Amino acid sequence: MYTMQQTVQAAASVLASLPLQCHLTLFWEQTEHSSSSFASAVEDFRKQAWASRRPVQMMMLDRTVLKTEATWKRSVCDAYVLVLGEGRELVRHADDPATSISSRLWNYKGHYIMLLLGSLGPARAAGLSAVSKTANLLMVQPLGVSVLVWTPRMFPRYSPPRLLHSWRNKGLRYERLRYTPKDNDLWNSVLRVATFDHPPSVVYDYDSLGRVVRRLGVDMQLIETLAKARNFTLEFHEVSHEELWGYELENGTWVGLVGQVHHERVDLGTCNLFLETHRAQLLDYSTPYNFERGCFVTPSPKPLNNWQSPTLPFAWSTWVATFASLALGGALLRLVVAFSSVQEPREFTSFSFAYLYVMGSLTSRTLNLTPHGPRLRAYVGLVWLTALILATAYSANLVAFLSVTQMSVPINTLRQLAGSGLRLGGHAFWKTQFRASIDPTVQSFADRLEPHVDLDALFEQVAAGKFALIENRQYLETVAAVRNSRGRSVLRIMPQCLLTYSIGLAFPQNSPLSDFLNPLILRVVEAGLVFRWRRDVVDYYRSQSADTSSGQDLVVSSRGMALNLNQLQGAFYVLVLGCFGACIVFLLEQLNSPRPS
């Protein structure tokens, strides 16, 4: 009896260290094997709580109470005292394999005290799934004439509990018994990490046999730094490139990196993981350590056909105005000649000659024929002045279009992409992001997106001009820099991107690792190490992936570039078109000319 009283006093002293506003719930177990001392312990503890002016809510530990959501609602501070004998209902609730991880009712942030007064030992209690993820939990056990206080080890998972204090009847000092912060040492525990190759976040270095020698990248540098600081080792679990970050199957099961973390097959996951609300229902995220935007990579502008070169110096509106001036100019010339008081050369009396005269002026090849009257001279002078300006502007601009390869209009905005007709490819993750957007243009991408996980093959489709690919900007910049070679880009990152996403590590829900590692992650970010790691890995990846097949430097000739037939093919098309028109006119003249009888 004396030891039982000391057990209650030890537990009460722990509660004394908590603020008075903490909400206290006392669970007690009533079984057929419960003794009078067991009931006395419950009553003594209730009196201890009331004596400290702390309100206490008493509940019988049964299935109905444990599966009621109101039992576990969180307040500013929650404290739970469980007076346990055999603990059958607690074991069934806290370690039920039929209960999904996300739906198990338990307050992982609360403060717990377990009074182990019966057959339920500390090793079995510490091995319960919910208990093993609760940071603030003490187990007080009377054993003979001693009182033992245990706490579960967070890692390795399901390892034996640690003995904090042991008292005998004499010299009890309960003021030493407090919820203390966990130490910063994981005792060389092995943490399972899900990841895959995705530069520059994760870059694999392979040997000649295709085996992974080391893992580089911002994410790898971060977790290796955490491992050294917190004394744990890493065991990597590879995610297949058919699943990548993962997606939900029809039966509700998740695969990929998100699936491995959510179903607790690993202790954490990392590989450029965006923090977003849909995944937050399945995972716990760390403090963000990087930030990135989702961007589209599109085909680079293609060279325009060189037969269009003669038409490129003028815009379409300028060409319309020029041909309208030609049509009007020929008619006005014939009209001025008709009303002239001076006898003009006979050639001006023909409509065809009048149009030929004006066209000659536009091409700076006016026919050697001088008007006689002042009216015609004034009009022809005006035509010559206009033609001089147009011809000079055209010839000067034509040189540039013949010397430089002309490219099609690039895709710079989301609206241009929506109207481009390109197919959209990327991970299925982007569908939910497109649907959640308030921009109607972005929302329209959700129905057009074709989920792809083979990004390498998709890049080939982008280079061929069939697809646009959505991914994070750092990844696109790294891959595009490697693929764009020999001075001509085949991939182009669109300037207008989506909003910025935060990037963090993924933990199973309610994992104690989150609170354990977040302060250190914040210190790494504040030290600027992430930016240094990102720059180093991008340089490394580009150097390893550079095209070394060409060892010759490009030599730029100081001579002017000669125009080839391909560049001047437009001029020959104009000649062929003119010959074809002349043949049609000749045939019409032959059909309309009088036949000799």
Side-chain angles (χ1 to χ4, degrees), residues 132-135 151-160 162 181-207 211-239 245 256-258 260-275 283-291 474 502-538 540-541:
S132 65
K133 298 167 71 173
T134 304
T151 185
R153 296 181 185 271
M154 298 294 100
F155 290 94
R157 291 286 301 277
Y158 308 114
S159 58
R162 182 163 51 129
K182 303 300 179 184
D183 53 25
N184 293 329
D185 196 323
L186 287 185
W187 306 96
N188 203 30
S189 301
V190 178
L191 297 189
R192 301 161 297 172
V193 181
T195 189
F196 56 91
D197 188 9
H198 189 76
S201 300
V202 181
V203 179
Y204 284 6
D205 187 10
Y206 298 94
D207 60 13
R211 295 173 299 190
V212 178
V213 178
R214 58 174 176 164
R215 295 171 175 83
L216 307 173
V218 175
D219 297 45
M220 293 295 102
Q221 293 278 79
L222 175 66
I223 63 172
E224 288 178 359
T225 301
L226 297 177
K228 293 178 182 178
R230 295 293 184 255
N231 190 23
F232 60 86
T233 58
L234 302 173
E235 177 185 295
F236 291 101
H237 290 238
E238 298 300 326
V239 178
W245 293 273
L257 187 146
V258 174
Q260 291 199 27
V261 176
H262 173 60
H263 298 295
E264 297 194 6
R265 301 187 185 100
V266 296
D267 299 305
L268 65 91
T270 177
C271 187
N272 194 63
L273 188 67
F274 286 180
L275 277 63
L283 314 168
D284 282 349
Y285 288 114
S286 71
T287 298
Y289 58 85
N290 204 352
F291 304 92
Q474 291 181 18
S502 300
I503 298 174
L505 303 178
F507 304 112
Q509 286 183 318
N510 303 306
S511 171
L513 277 177
S514 178
D515 295 334
F516 187 68
L517 298 179
N518 278 341
L520 185 58
I521 294 175
L522 186 59
R523 292 173 56 188
V524 169
V525 174
E526 292 174 344
L529 294 177
V530 173
F531 300 100
R532 169 67 182 274
W533 294 336
R534 184 169 60 188
R535 184 173 61 251
D536 291 345
V537 73
V538 169
Y540 170 81
Y541 182 78

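Here, residue 1 is the first one in the sequence, and each next residue gets the next number. Note that the coordinates shown come from a computational prediction; the quantities given were computed from them, not determined experimentally.
The side chain to side chain donor-acceptor pair (under 3.5 Å) test applied to Arg534 returns Asn290, not counting sequence neighbours. The side chain to side chain contact (heavy atoms under 4.5 Å, CB included) search around Leu216 returns Val203, Arg214, Val537, Tyr540, not counting sequence neighbours. Every salt bridge (Lys or Arg N to Asp or Glu O under 4.0 Å) that Asp515 has, sequence neighbours left out, goes to Lys109. Considering only residues two or more places apart in sequence or on other chains, Trp245 meets the ring pair (Phe, Tyr, Trp, His ring centres under 6.0 Å) condition with Phe196, His198, His427. The side chain to side chain donor-acceptor pair (under 3.5 Å) search around Gln260 returns none, not counting sequence neighbours. Judged as a salt bridge (Lys or Arg N to Asp or Glu O under 4.0 Å), and not counting sequence neighbours, the contacts of Arg215 are Glu238. Residues satisfying the salt bridge (Lys or Arg N to Asp or Glu O under 4.0 Å) test with Arg265, not counting sequence neighbours, are none. Every salt bridge (Lys or Arg N to Asp or Glu O under 4.0 Å) that Arg532 has, sequence neighbours left out, goes to Asp536. For Ser511, there are no side chain to side chain donor-acceptor pair (under 3.5 Å) partners at least two apart in sequence or on another chain. Under the side chain to side chain donor-acceptor pair (under 3.5 Å) criterion, Ser189 pairs with no residue at all, not counting sequence neighbours.
Applying the salt bridge (Lys or Arg N to Asp or Glu O under 4.0 Å) test to pairs two or more places apart or on separate chains, none has a residue in residues 516-527.
A 4.5 Å side-chain heavy-atom check between Asn188 and Thr233 finds at least one atom pair inside the cut-off.
Here the side chain of Asp284 pairs no donor or acceptor atom with the backbone of Phe507 at under 3.5 angstrom.
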Anything under 3.5 Å between a donor and an acceptor, one on a side chain of residues 220-227, the other on a protein residue two or more places apart or in another chain? List them.
residue, atom, partner, partner atom, Å
Thr225, OG1, Gln221, O, 2.7

